[in-house]
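A short write-up of the structure that comes next.
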Amino acid sequence: MEASPIIYIFIYILTLLLAITEILPVSVASMLGALLMAWFGLNYGLFTYEEAISFIDLQLLMLLIGVMIVVEVANRSGIFRILGLYAIRLVGGSPTKLFFIISILSAASSLFLSDSAAVLIVSAIALTISRYLEYNPVPYVVAAAIMINLGGTGTLIGSVSNMIIGLNAGFSFMEFSQYLLPCELLLWFITTGVLYLYYRGELKGVGRRLEYDVWRSIEDRTALYWSSLLLLTMITLFIFSDSIRVGIEAIATGLAVIALATSRYDPGEILSRIDWETIFFVASFLFIIRGLEKTGILSRFARAIVGIAHGDPILAAVYILAISGATSIVMANVAVALTFTSAVKLMNLADKRAVWSALVLGTNLGGATLPVSSIVLMMALGALKHEGIIVDLSELTRVGVITSLIQLCFAALYLIIAFGLVY
Amino acid sequence: MTSISEWIKKKCGERFRSHEGIYEKEKELLEEAIGRSKITITIEMPRGYENQRGDFEELRNDKDFLNDVKQLVKEHLDRKKAGREGQK
């Protein structure tokens, strides 16, 4: 006996609703959805038990956990804090220069750090420095959150959604950066410029010179050198992973073990700071998507996109950019990445590089449109509230909508120009 | 509209609170580097004021009281500095 595909769509929508409304924590909502999918799928013959086991993507989980551990050890040592303090001291205390350096720093830190870790560090830096200089911290913290959301777009390890898309697309670390880093760097300047135009009236204050000893913020220099070396080794090995013929997930896992065994930090503490919520969400939601794939709904969606685009990969890429960007406004970008990755895999296109790149851009750029679109803006607002500063949500929404629209339009233009020259 | 905005603010607070410890530690290390140091002192309720326990505990959030303490700190530091200069 077969169950109607509507049941599986219902499970998918129910999971999303539970996650969006936060009736249940996102990881639990996703695990509940996976449980329902497994029960119906196995009982109604949608998939076999062996197939269900293969739905668990070990390669993706290894990469996620491995990268998170290596980056957490580096983060714990203070490497990102010290780089930030050096950069701020270099530009002095001018409110405008400080605004630009905090924006660029935020985007750069997000190339490696998770969004939540980056927003905690940059918000702490922005709030401490602006209070010390008696500046209004809101422009700095809001700009930092928007730039952190943008920041992870250009590298395969920049965000969880990038890892999902990159691995499924079969992009190497270098290929991923080759297609997306130029767009990201251009977006850094465009977005910083837009944010500056928006906030320039509020960037007031006497530009006092900042003098401080950056090394006083470091608890253990040896740990800092060692963990920086491990992070650098991971990135170098990622770059040469094709030549040395070792998968990036194996590199990440191997170095994570070395980091845990040799760093001076308590492995238990490092492991407790890993984003297990996201890991469980990814593993369980992927299970739901694989089940949905079996119903044929995603292949119908894929065919429809290719049909509307008349088989043109660039047009299909622009459609995917628009749809994934719009859905990322209301849905967690990891859920968008998992759903659309399966659809893109099923697309009947000879060359999907533009479509994969569009998906990376869409899932990342849509995420900072509304205060509830991503964890970054929520955490930034939380940090401001913690310091007794209440931000006008309508103003924040206006900034988010303006920057996201400009970013998505520019991304569409980039896809047309960059991949138009390739095809 | 107001209830949505309140809901968002509440959610932001909840999200942040789960990471508050990391944020506070980060700020502490930054303060250490930037140079504005902090001290934490414990003040015991004075004897004879037991019936004003509530008033006493509220002082930690009383802006006037905190400003008075800040002023007292400045006066003490100025006096110490003047004393040292007088000795020279």
Side-chain angles (χ1 to χ4, degrees), chain A residues 21-22 25 72 75-76 78 80-82 84-86 88-89 116-117 119-129 131-133 210-219 272-273 275 277 370-387 390-394 396-397, chain B residues 1-43 54-78 81 84:
Chain A
T21 54
E22 296 192 11
E72 183 51 45
N75 183 23
R76 177 78 179 72
F80 299 104
R81 183 188 319 122
I82 202 170
L85 287 176
Y86 261 124
I88 288 168
R89 196 176 63 179
S116 54
V119 81
L120 284 174
I121 294 177
V122 181
S123 297
I125 293 179
L127 280 158
T128 308
I129 299 268
R131 202 186 61 215
Y132 187 63
L133 292 171
L210 287 160
E211 290 297 342
Y212 51 78
D213 178 8
V214 291
W215 287 99
R216 287 187 66 177
S217 74
I218 298 301
E219 293 170 304
S272 71
R273 285 170 67 158
D275 189 1
E277 174 104 7
L370 302 176
V372 286
S373 297
S374 76
I375 191 166
V376 186
L377 281 175
M378 291 182 92
M379 296 263 290
L381 282 177
L384 284 164
K385 193 180 166 198
H386 180 74
E387 300 294 338
I390 304 296
V391 180
D392 179 7
L393 285 182
S394 57
L396 189 66
T397 307
Chain B
M1 201 60 192
T2 319
S3 59
I4 295 173
S5 139
E6 285 308 311
W7 181 80
I8 294 170
K9 282 177 186 165
K10 190 175 148 231
K11 285 288 159 199
C12 293
E14 282 172 8
R15 279 287 169 95
F16 180 77
R17 263 195 297 282
S18 57
H19 297 84
E20 198 177 330
I22 301 172
Y23 174 82
E24 283 299 337
K25 176 77 183 163
E26 201 57 45
K27 265 188 68 184
E28 194 184 298
L29 290 164
L30 284 164
E31 295 271 4
E32 188 75 29
I34 292 168
R36 194 178 281 189
S37 60
K38 270 188 205 167
I39 54 167
T40 309
I41 50 173
T42 309
I43 302 170
D55 289 343
F56 173 72
E57 284 174 359
E58 273 173 27
L59 285 177
R60 69 162 72 99
N61 300 317
D62 186 328
K63 280 190 181 163
D64 289 339
F65 171 72
L66 295 173
N67 282 336
D68 286 349
V69 174
K70 275 183 194 166
Q71 195 52 42
L72 195 66
V73 169
K74 281 183 193 169
E75 282 169 20
H76 270 266
L77 289 174
D78 287 342
K81 192 176 169 188
R84 269 199 301 271

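We name chains A, B, ... by the order of the sequence lines, and we start the count at 1 in each one. Keep in mind that the numbers below use all heavy atoms, side chains included, and drop hydrogens, waters and symmetry copies.
Each of A:Ser394, A:Ser116, A:Ser217, A:Ser123 has some count of heavy-atom pairs under 4.5 Å with chain B, and the biggest count is that of A:Ser217. Highest contact tally toward chain B, considering only A:Val214, A:Ile375, A:Leu384, A:Leu377, is held by A:Ile375 [criterion: heavy-atom pairs under 4.5 Å].
With rounding to the nearest 0.5 Å, the separation of CD in B:Glu26 from CD1 in A:Ile121 is 5.0 Å. Interatomic distance, B:Ile22 CD1 to A:Arg76 CZ, rounded to the nearest 0.5 Å: 10.0 Å. The NZ atom of B:Lys27 sits 12.0 Å away from atom CG of A:Leu120, with the distance rounded to the nearest 0.5 Å. In this structure, the separation between CD on B:Glu6 and CG on A:Leu393 is 8.5 Å, given to the nearest 0.5 Å. One distance of note links NE2 of A:His386 with CZ of B:Phe16; it measures 5.0 Å at 0.5 Å rounding. Atom CD of B:Glu20 is separated from atom CE of A:Met379 by 11.0 Å, given to the nearest 0.5 angstrom.
Residue contact with chain B, scored on non-hydrogen atoms closer than 4.5 Å, is absent for A:Ile218. Only the side chain of A:Glu387 has a heavy atom closer than 4.5 Å to any heavy atom of chain B. For B:Glu28, no part sits under 4.5 Å from any heavy atom of chain A, backbone or side chain. Residue A:Arg273 touches chain B through its side chain alone, counting heavy-atom pairs closer than 4.5 Å. Of the atoms belonging to A:Val119, not a single heavy atom falls under 4.5 Å from chain B.
At least one side-chain heavy atom of B:Tyr23 sits less than 4.5 Å from a side-chain heavy atom of A:Leu127. A:Arg131 places a side-chain heavy atom less than 4.5 Å from the side chain of B:Glu31.
Applying the ring pair (Phe, Tyr, Trp, His ring centres under 6.0 Å) rule to B:His19 yields no partners; only residues at least two apart in sequence or on another chain are considered.
Applying the ring pair (Phe, Tyr, Trp, His ring centres under 6.0 Å) rule to pairs touching residues 55-78 of chain B yields nothing, sequence neighbours excluded.
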